[in-house]
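A short write-up of the structure that comes next.
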Amino acid sequence: QVQLVESGGGLVQAGGSLRLSCAASGSTASINAMGWYRQAPGKQRELAADITSGGSTNYADSVKGRFTISRDNAKNTVYLQMNSLKPEDTAVYYCNAEGLLDRRYYRTWGQGTQVTVSS
């Protein structure tokens with residue numbers, strides 16, 4: 001009952017910037033937190049950043065100081081502003097939402113968007 005649609009990925013040179021967007025629909029009032037995960041080839045999916053309904057944020061050490069997660073409650077949208085991009089940031093980025101609906105915990109994923117950083 002919660003759907004996520006991502007956009008904003010692409011190809012950028014090292015040092016450049018991108019902004020990812022994730023629009024949630026459905027039972028959005030049930031969402032407790034949203035975040036961005038990424039998965040590089042041959043590696044496990046890892047958390048890049050997340051944000052709770054109360055506005056608290058968390059970042060992976062590898063992106064801290066370069067990435068900023070934010071939300072627009074009116075648009076039910078979460079953003080990931082990525083600055084000073086490095087080739088090691090290259091990955092498929094997935095939006096995530098989690099919460100409680102009908103007294104059951106859920107986790108929902110977007111389709112993923114490719115971010116490629118060239119040197």
Side-chain angles (χ1 to χ4, degrees):
Q1 290 188 285
V2 175
Q3 297 81 42
L4 305 175
V5 178
E6 300 157 306
S7 62
L11 175 65
V12 65
Q13 293 186 23
S17 299
L18 285 173
R19 189 178 75 159
L20 306 182
S21 299
C22 176
S25 61
S27 301
T28 57
S30 70
I31 298 173
N32 294 140
M34 297 183 68
W36 289 96
Y37 289 71
R38 64 185 187 180
Q39 187 166 23
K43 296 185 177 181
Q44 296 184 46
R45 185 158 32 193
E46 66 175 2
L47 175 70
D50 63 11
I51 185 167
T52 70
S53 59
S56 298
T57 59
N58 293 286
Y59 298 93
D61 289 341
S62 58
V63 309
K64 197 171 299 181
R66 300 187 297 119
F67 291 10
T68 302
I69 189 169
S70 62
R71 72 185 195 277
D72 185 332
N73 291 331
K75 297 180 179 179
N76 294 314
T77 299
V78 169
Y79 305 95
L80 186 67
Q81 179 66 47
M82 304 184 293
N83 298 325
S84 302
L85 283 162
K86 305 175 181 179
E88 51 262 44
D89 295 318
T90 295
V92 177
Y93 285 70
Y94 297 91
C95 183
N96 163 261
E98 63 181 65
L100 288 171
L101 188 63
D102 296 327
R103 302 191 297 109
R104 290 185 292 178
Y105 174 82
Y106 68 87
R107 176 171 287 183
T108 301
W109 299 90
Q111 78 283 359
T113 184
Q114 177 71 48
V115 172
T116 302
V117 184
S118 65
S119 59

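Listed here is the closest heavy atom pair of A40 and A91: N-CB, 3.8 Å. Across M34 and C22, no two heavy atoms sit closer than the pair CE-SG, 3.8 Å. Heavy atoms only, all atoms of each residue included: V2 and T108 are closest at O-CG2, 3.2 Å. Here the shortest heavy-atom pairing between G9 and L20 reads N-CD2, 3.6 Å.
D61 and K64 are joined by a salt bridge, as a carboxylate oxygen and a charged side-chain nitrogen come within less than 4.0 angstrom of each other.
A distance of 14.0 Å separates OG1 of T57 from CZ of F67, quoted to the nearest 0.5 Å. The CD atom of Q3 sits 8.0 Å away from the OG atom of S27 when rounded to the nearest 0.5 Å. T90 OG1 to L11 CG: the interatomic distance, rounded to the nearest 0.5 Å, is 8.5 Å. Note that the CG atom of D50 and the SG atom of C95 stand 11.0 Å from one another [nearest 0.5 Å].
In the model, S17 has a side-chain atom that pairs as donor or acceptor with a side-chain atom of N83 under 3.5 Å.
Surrounding CD of Q114 are more than 12 heavy atoms belonging to other residues, nucleotides or ligands, all under 6.0 Å away. Environment of CD in Q111: crowded, with over 12 heavy atoms of neighbouring residues, nucleotides or ligands closer than 6.0 Å. Atom CD of Q44 has 12 or fewer heavy atoms from other residues, nucleotides or ligands within 6.0 Å.
With contacts defined as side-chain heavy-atom distances shorter than 4.5 Å, the pair R107/N96 qualifies. In this structure the side chain of Y37 never reaches within 4.5 angstrom of the side chain of V92, judged on heavy atoms. Using a 4.5 Å cut-off on side-chain heavy atoms (C-beta onward), Y93 and E6 make no contact. In this structure, the side chains of Y59 and I69 come closer than 4.5 Å at one or more pairs of heavy atoms. For the pair Y106/I31, a side-chain contact is recorded, criterion being any heavy-atom separation below 4.5 Å from C-beta on. Within the 4.5 Å cutoff, side-chain heavy atoms of R38 are placed close to those of D89.
By the rule that hydrophobic residues join a cluster once side-chain heavy atoms approach within less than 4.5 Å of another member, L80 and W109 end up as members of separate clusters. Placement of Y94 and V117 in two distinct hydrophobic clusters is found when ILVMFWY residues are connected by side-chain heavy-atom separations under 4.5 Å, directly or transitively. If you chain together hydrophobic residues whose side chains sit under 4.5 Å apart, M82 and V12 fall into the same group. The hydrophobic clustering, which links ILVMFWY residues whose side-chain heavy atoms are closer than 4.5 Å, places W36 and I51 together.
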